[in-house]
**Student:** 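If you scroll down you'll find the structure; I have some questions about it.
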Amino acid sequence: MSAPTPARPADRQARALRLGPRTWLALALVSAVGVAGFGWPFLAPPDAAVNAHEGDAPWLFAGLLVLLVAVVAAALSESALGAKAVAMLGVLAAAGAALRPVGAGTAGLEPMFFLMVLSGRVLGPGFGFALGSVTMFASALLTGGVGPWLPFQMLAMGWFTMGAGFLPGPDRLRGRLEVGMLAAYGFLAAFAYGTVMNLAGWTFMSSLASNIAFDGDDPVPANLARFVAYCLATSLGWDLGRAVITVVLTLTVGATVLRALRRATRRAAFEAPVTFGDAPR
């Protein structure tokens, strides 16, 4: 009876970063505070103290997110993030940061989003979170977009890229089905990104300046209606442009980019054990 044939290297997708329990705990902590930071207008009752300081609350959560992202970065550094993974992280983050300004001033056409989806798919959720956060940080430095919104952008992009790593069939699903799945994810996630970022900026508006701004004295249903009107009036066109360009790029060049990323991952041999042979005599 012949021995079973071992799986080919291509059958199992290598991951640049395997996360341990401590790192997952840090990711869960930063995500929980992120949810509170984005959603506090709907999570806090009208008589809560945080609503009395609606102008200060976004700054408070931005400061907390900076600290928590630093905690996640420290946890990632304790994981198996080797020199090859750091190099790939740097290359992909630089590419994403360079792509973002290409069309950001034109109806939200931001080609970096499709690269984040494909990278998260190939390299896994842990690497995806790190890549999304670092890319947004580098892009802010490149474009001068540093402000209280940056920690929210870093977290939202980290979620966006990490989510692609959780999509089903990372080791077996290939071809048109995979590209179609990634295009659908990119379309939905582009709208989700815009919506959560609207939550971060919506509360900076004064309720005296607009009838679609957040009002801490109003109940949740009234503020929810204001928020929907705010999204429709300010960002729907941008979110649609981002979603469409993500789908178009994924369907046209996605298969080629996926092959290139997988080839680079196999050649880097992230998970190959390091062995030392005997020195020649």
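For this chain, numbers begin at 1 and follow the sequence in order.
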**Student:** What's the verdict on side-chain contact (heavy atoms from CB on, under 4.5 Å) for L258 and L182, showing C-alpha distance, side-chain angles and the deciding distance?
**Tutor:** CA-CA 11 Å; L258 284 170; L182 293 175; 3.8 Å; yes
**Student:** Could you give the distance from CE (M181) to CG (L173), rounded to the nearest 0.5 Å?
**Tutor:** 5.0 Å
**Student:** Would you call the rings of F160 and F113 parallel, tilted or perpendicular if under 30° counts as parallel and over 60° as perpendicular?
**Tutor:** perpendicular
**Student:** Hey, mind stepping through W159 and F129 against ring-ring contact (aromatic ring centres under 6.0 Å, His included) and telling me if it holds?
**Tutor:** CA-CA 6 Å; W159 285 341; F129 184 88; 8.0 Å; no
**Student:** State which residues pass ring pair (Phe, Tyr, Trp, His ring centres under 6.0 Å) with F137; sequence neighbours excluded, sorted by chain then number.
**Tutor:** none
**Student:** Any ion pair linking R259 and E178 (charged N to carboxylate O, less than 4.0 Å)?
**Tutor:** no
**Student:** Cationic tip of R242 within the cone over Y193's six-membered ring, i.e. under 6.0 Å and within 45° of the normal?
**Tutor:** no
**Student:** Taking S133 for its side chain and M154 for its backbone only, find out whether a donor-acceptor pair lies under 3.5 Å.
**Tutor:** yes
**Student:** Applying side-chain contact (heavy atoms from CB on, under 4.5 Å), run through F127 and T161 and close with a yes or a no.
**Tutor:** CA-CA 9 Å; F127 188 93; T161 313; over 6 Å; no
**Student:** Could you state the interatomic distance from CG (L150) to CG (L155), rounded to the nearest 0.5 Å?
**Tutor:** 11.0 Å
**Student:** Using atom types as modelled and distance alone, determine if a side-chain donor or acceptor of R121 lies under 3.5 Å from a backbone N or O of A164.
**Tutor:** no
**Student:** What are the two closest heavy atoms between N223 and A213, and how far apart are they?
**Tutor:** OD1-O, 4.4 Å
**Student:** What are the two closest heavy atoms between T252 and V248, and how far apart are they?
**Tutor:** OG1-O, 2.7 Å
**Student:** Would L115 and T135 satisfy side-chain contact (heavy atoms from CB on, under 4.5 Å), going step by step from the backbone distance to the final call?
**Tutor:** CA-CA 11 Å; L115 179 62; T135 301; over 6 Å; no
